[in-house]
Amino acid sequence: MVLSMVLSVLLLLVLVTYTACKTHIVTCRLNNPRPLLQKYQQPGDLIIGGIASQIFMLSIEIDFAAEPGMTLSTEPLLLAKNYQHILSFAFAVKEINENSRLLPNITLGIHIHDSYFKAKWTYYSTLLLLFSWERFVPNYQCDIKNNLVAVIAGLDSLTSRHVATVLDIYKIAQLTYGPTPVMNDKTPGLPFYQMFPNEEHQYRGILALLLHFSWTWIGILVMDNDNGERFVQTVFPLFSKNGICFDYIERMPELPYIYDMWSSVEKGAEIYDKILRSKANVVVAYGDSYSMAFFRFWAYASELKFMKNAPKGNVWIGTVHFEPASFVLQRTWDIQIFHGAISFTIHSSDLPGFHQFVERMNPTSAQWDGFIQDFWEQVFNCELKKPEMDLLEGNICTGEEKLESLPGLLFEMRMTDRSYSIYNAIYAVAHAIHSISSSQLKHRVMAGEEGLYLQNQQRWQLCSMGDSRVYHMHQDFALVDLLDHLLRTLSFNNTAGDTVSFDQNGERVANFGVINWVMSTNQSFHRVKVGQMDPQAPPDQAFTINEDDIAWHRFFNQVQPLSLCTESCYPGSRKRVKEGEPFCCYDCIPCPEGKISNQKDMNDCLKCTDENYPNRNQDFCIPKKISFLSYGEPLGLVLASFALLFSFVTVLVLGTFMKHHNTPIVKANNRSLTYALLICLLFCFLCALLFIGIPEKVTCLLRQITFVIIFSVAVSCVLAKTITVVLAFMATKPGSRMRKWVGKGLANSIVLSSSLIQSSICVVWLATSPPYPDVDMHSMVDKIILECNEGSVIFLYFVLAYMGFLSIVSLTVAFFARKLPDSFNEAKFITFSMLVFCSVWLSFVPTYLSTKGKDMVAVEIFSILVSSAGLLACIFSPKCYIILLRPELNNREQLIRRKRM
């Protein structure tokens with residue numbers, strides 16, 4: 001509540017001042033009298049310059065017409081964590097100067113200024129590194145001992161670009177300790193080295209992370225500057241191409257001028273509220289080193305403006321700049337909104353001695369450090385006693401405060417990745433200088449009172465006389481070129497055992513680590529490495545992550561979060577994009593029949609292979625069963641049993657007729673045709689066995705051909721018997737000319753001619769398109785049918801039609817002969833048998849066409865057995881009854897008496 005009131009009063013003060021400026025009551029401008037006090041200056045033979053970034057200075061100067069110069073100032077905003085960067089400078093130089101083997105007889109010095117996160121102060125600080133410390137005159141240098149060999153600068157990319165603009169003119173090598181995407185379009189030839197790998201590797205790592213967890217509905221939060229726009233323009237097509245959609249792309253206001261602060265705070269609060277209300281649970285954040293600290297301002301303002309706490313958590317994904325940090329005034333603010341965040345960072349190691357070095361730092365021991373005073377007073381909320389101040393009120397600093405007592409948001413004792421990059425950059429310059437001093441060019445190098453420089457090199461000098469002093473500017477271009485060459489080919493192991501080298505683009509060769517940030521309620525946090533991104537590895541092995549080690553935001557109850565526009569389409573369904581919405585927003589519809597989807601969120605359903613078929617839920621394919629009518633299954637066994645049974649009965653009937661060969665009832669109706677008919681029926685029953693079992697080439701060729709020819713002979717015998725009966729009665733009439741036709745010749749001719757026609761059709765069939773074994777994978781969904789392909793269905797129907805024609809003719813003739821005397825007449829039985837025969841085969845056609853697989857074969861076998869059994873039963877059962885059960889009726893007298901009756 002107290003913080004809310006303080007912030008409200010501050011914003012009110014800003015608003016009043018802004019209103020006064022707008023109404024011309026006062027004239028407002030930025031003023032910053034203190035930056036020149038912030039410097040670190042340690043002398044040496046060779047100087048390494050540094051541009052740090054830790055202080056935001058905001059103030060208002062109000063000039064009244066009557067009394068100009070009246071000033072209202074605010075305290076600087078200190079990003080206290082970045083003070084460690086200055087300590088890493090000092091620690092690295094201290095180690096190098098104490099190492100007699102690396103740079104013998106050469107002492108490194110450091111000059112560090114702050115950029116104040118402002119372009120004008122960055123330019124000014126860079127010029128101070130190049131020219132006099134006593135008196136600032138651009139392009140003139142009064143101290144020849146100030147041999148600047150390289151500048152380590154650029155926590156943020158804009159700072160790097162501003163520094164490079166100046167260093168490019170004077171050809172000074174620059175090493176940055178932060179990612180610098182805007183330097184990709186730097187001036188060709190500028191000595192420039194980046195202690196971070198190419199930032200685009202992070203973009204691919206973020207994409208791999210999103211795809212790994214199937215986060216397809218995300219939000220983007222960037223700084224409202226060129227870097228943020230470049231990031232959006234880069235990742236938008238890359239992510240969209242890989243199935244990632246964006247719920248929002250918000251641009252966070254940059255560090256505002258004082259008169260824009262209120263509108264910036266309002267805009268930031270609205271952005272934060274929009275993030276909380278979004279369905280996207282994943283926020284990809286990209287910004288500068290101070291972005292997280294400023295975003296905490298917007299979150300705090302949102303809670304004040306909208307009077308509500310955060311209703312849900314988010315998974316924050318960030319690049320290397322996404323690191324927990326606070327301005328000093330935020331030390332008590334909640335950081336739980338970032339619990340479970342995931343970011344990328346380069347590898348850093350704990351250096352021996354760094355922790356002890358930091359522990360020993362205090363305002364009295366840091367003789368070269370001009371930064372420590374403001375840092376110490378702000379982080380410990382006290383005031384250092386100065387010689388010119390006799391009496392201090394409030395909390396007085398003792399100088400013995402412990403840095404390890406500070407929360408991690410303000411200061412860390414372990415070396416951060418940026419400090420580690422500074423450390424490696426200074427060592428890289430030192431190793432390059434060592435290579436120069438110990439190389440084959442040593443005879444061209446002189447180490448004298450004025451430090452290290454190359455002899456006989458052309459110098460650019462501009463001299464003028466003033467105040468009895470000579471100012472001149474010189475630069476050893478050969479030294480710069482040599483340093484540039486050596487740095488590009490440099491490779492060494494630092495004191496932690498890590499290899500430091502650069503690629504052809506001047507970028508550090510290193511892996512990115514994937515860090516999970518675990519926040520505590522006491523303003524502390526710790527890093528958990530959960531994966532890595534290795535740019536040198538093959539694409540499918542570049543990104544690795546251990547999701548079991550990740551701590552998610554407490555809102556998700558330690559369950560992996562989802563970030564989808566639409567709930568996943570489960571296996572068995574597919575996505576259908578909603579019209580007018582991003583492709584990540586869709587409806588889920590079932591897969592069409594015959595297709596499956598075996599994964600979530602499939603764009604289209606898949607068709608199973610011919611050997612498989614979809615299961616009921618249509619989420620995986622089941623192997624099809626092989627289907628054919630076999631003897632091992634009940635249906636095949638029953639049909640085979642009936643075929644053998646009817647064959648056995650036929651044999652018994654044939655044997656009975658042959659045993660009673662000379663009896664009148666056997667003689668009465670042409671014994672030869674009777675025997676031929678019985679033999680044909682026997683083969684008809686047996687040919688049904690050709691349809692059972694695995695279809696093979698021989699059985700496929702024989703089964704239909706054998707069946708139609710034998711049946712044609714059987715029907716021809718029936719037809720011949722009927723015609724013989726009719727002609728026999730017609731021949732008994734006085735003067736009938738039919739007597740010459742009565743006899744075995746006519747019957748044999750009918751049988752042979754009818755059978756020959758059918759056989760001729762079958763020969764043509766076999767010659768043109770014979771049957772063959774085939775596999776049908778499509779007729780039945782769940783079965784692969786082993787069948788005989790008939791070759792030409794036309795021929796099959798043609799032979800069946802011819803057999804039907806013979807049957808109809810036999811039925812017609814028998815129907816007209818049904819009233820002839822019973823003793824000689826089989827016409828009634830033949831008529832009934834032909835009715836059964838025709839009925840069976842007429843019903844066979846639609847049934848055959850409506851069935852598939854082995855059922856189709858079973859129908860044909862059934863038709864063969866039933867029609868053959870009909871002929872056997874209807875024609876021969878009455879005669880067998882007389883022969884076996886009524887033998888007294890089987891004599892000539894009885895036949896004549898019955899005829900007379």
Side-chain angles (χ1 to χ4, degrees), residues 1-14 32-35 37-38 40 52-59 72-87 114 116-117 255 258 261 289-290 292-297 299-301 304 323-336 358-366 369-414 416 519-525:
M1 187 62 183
V2 174
L3 288 175
S4 302
M5 295 177 63
V6 171
L7 184 59
S8 300
V9 170
L10 177 60
L11 295 178
L12 180 61
L13 176 61
V14 171
N32 213 331
R34 300 181 62 182
L37 300 176
Q38 310 297 319
Y40 190 109
S53 299
Q54 68 168 348
I55 302 173
F56 291 92
M57 295 292 289
L58 290 176
S59 66
L72 173 66
S73 296
T74 64
E75 285 296 319
L77 292 174
L78 182 65
L79 202 59
K81 286 190 68 169
N82 292 356
Y83 177 67
Q84 192 194 88
H85 303 164
I86 297 168
L87 296 182
D114 204 312
Y116 304 100
F117 295 96
L255 175 67
I258 195 70
M261 184 173 289
S289 59
Y290 55 84
M292 182 178 285
F294 264 83
F295 188 78
R296 295 180 67 199
F297 271 123
Y300 187 74
L304 291 179
E323 184 177 65
S326 291
F327 294 115
V328 174
L329 61 89
Q330 297 173 314
R331 68 172 73 222
T332 60
W333 292 11
D334 184 31
I335 60 171
Q336 293 304 305
V358 174
E359 280 183 331
R360 291 194 296 267
M361 293 302 299
N362 59 66
T364 58
S365 65
D369 193 348
F371 292 90
I372 196 169
Q373 177 183 338
D374 276 343
F375 168 77
W376 205 269
E377 290 181 344
Q378 290 204 33
V379 297
F380 291 111
N381 193 24
C382 62
E383 200 167 345
L384 287 167
K385 186 175 181 180
K386 302 175 181 63
E388 66 273 12
M389 301 175 68
D390 296 331
L391 183 61
L392 288 178
E393 296 180 358
N395 190 16
I396 301 175
C397 300
T398 64
E400 301 299 325
E401 291 83 4
K402 300 297 183 182
L403 290 175
E404 56 262 33
S405 66
L406 296 174
L409 290 171
L410 292 183
F411 189 81
E412 291 188 71
M413 299 298 291
R414 68 174 297 277
T416 63
M519 307 298 180
S520 302
T521 56
N522 61 353
Q523 302 297 301
S524 63
F525 63 87

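All residue numbers in this chain count up from 1 along the given sequence.
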Worksheet entry | Side-chain donor/acceptor of N395 to backbone N/O of E383, under 3.5 Å |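 Checking the backbone N and O of E383 against the side chain of N395, no donor-acceptor pair under 3.5 Å is found.
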
Worksheet item: Does a side-chain N-to-carboxylate-O contact under 4.0 Å join K402 and E359?
Response: no

Can you tell me how far apart [atom1] ([X]) and [atom2] ([Y]) are? Round to the nearest 0.5 Å.
X: K81; Y: L409; atom1: NZ; atom2: CG; result: 7.0 Å
X: S53; Y: N82; atom1: OG; atom2: CG; result: 7.0 Å
X: R296; Y: I335; atom1: CZ; atom2: CD1; result: 6.0 Å
X: C397; Y: Q373; atom1: SG; atom2: CD; result: 9.5 Å
X: N362; Y: I372; atom1: CG; atom2: CD1; result: 6.5 Å

Exercise: identify the closest heavy-atom pair between [X] and [Y]:
X: A80; Y: V328; value: CB-CG2, 4.5 Å
X: W376; Y: G399; value: CZ2-O, 3.8 Å
X: L79; Y: A293; value: CD1-CB, 4.0 Å

Worksheet item: Would you say the side chains of D369 and Y83 form a donor-acceptor pair under 3.5 Å?
Response: yes

Worksheet entry | T416-E323 side chain donor-acceptor pair, cut-off 3.5 Å | no

Within-4.5 Å side-chain heavy-atom neighbours: [X] and [Y]:
X: F525; Y: E412; result: yes
X: L406; Y: F380; result: yes
X: R331; Y: L410; result: yes
X: L78; Y: F327; result: no
X: E377; Y: P363; result: no
X: F411; Y: L87; result: yes
X: Q54; Y: I86; result: yes

Worksheet item: After noting the C-alpha distance and the side-chain angles of M519 and S524, does the key distance pass the side chain to side chain contact (heavy atoms under 4.5 Å, CB included) rule?
Response: CA-CA 6 Å; M519 307 298 180; S524 63; over 6 Å; no

Discussion item. Is it the case that the ring center of F117 lies less than 6.0 angstrom away from the ring center of Y290?
Written reply: yes

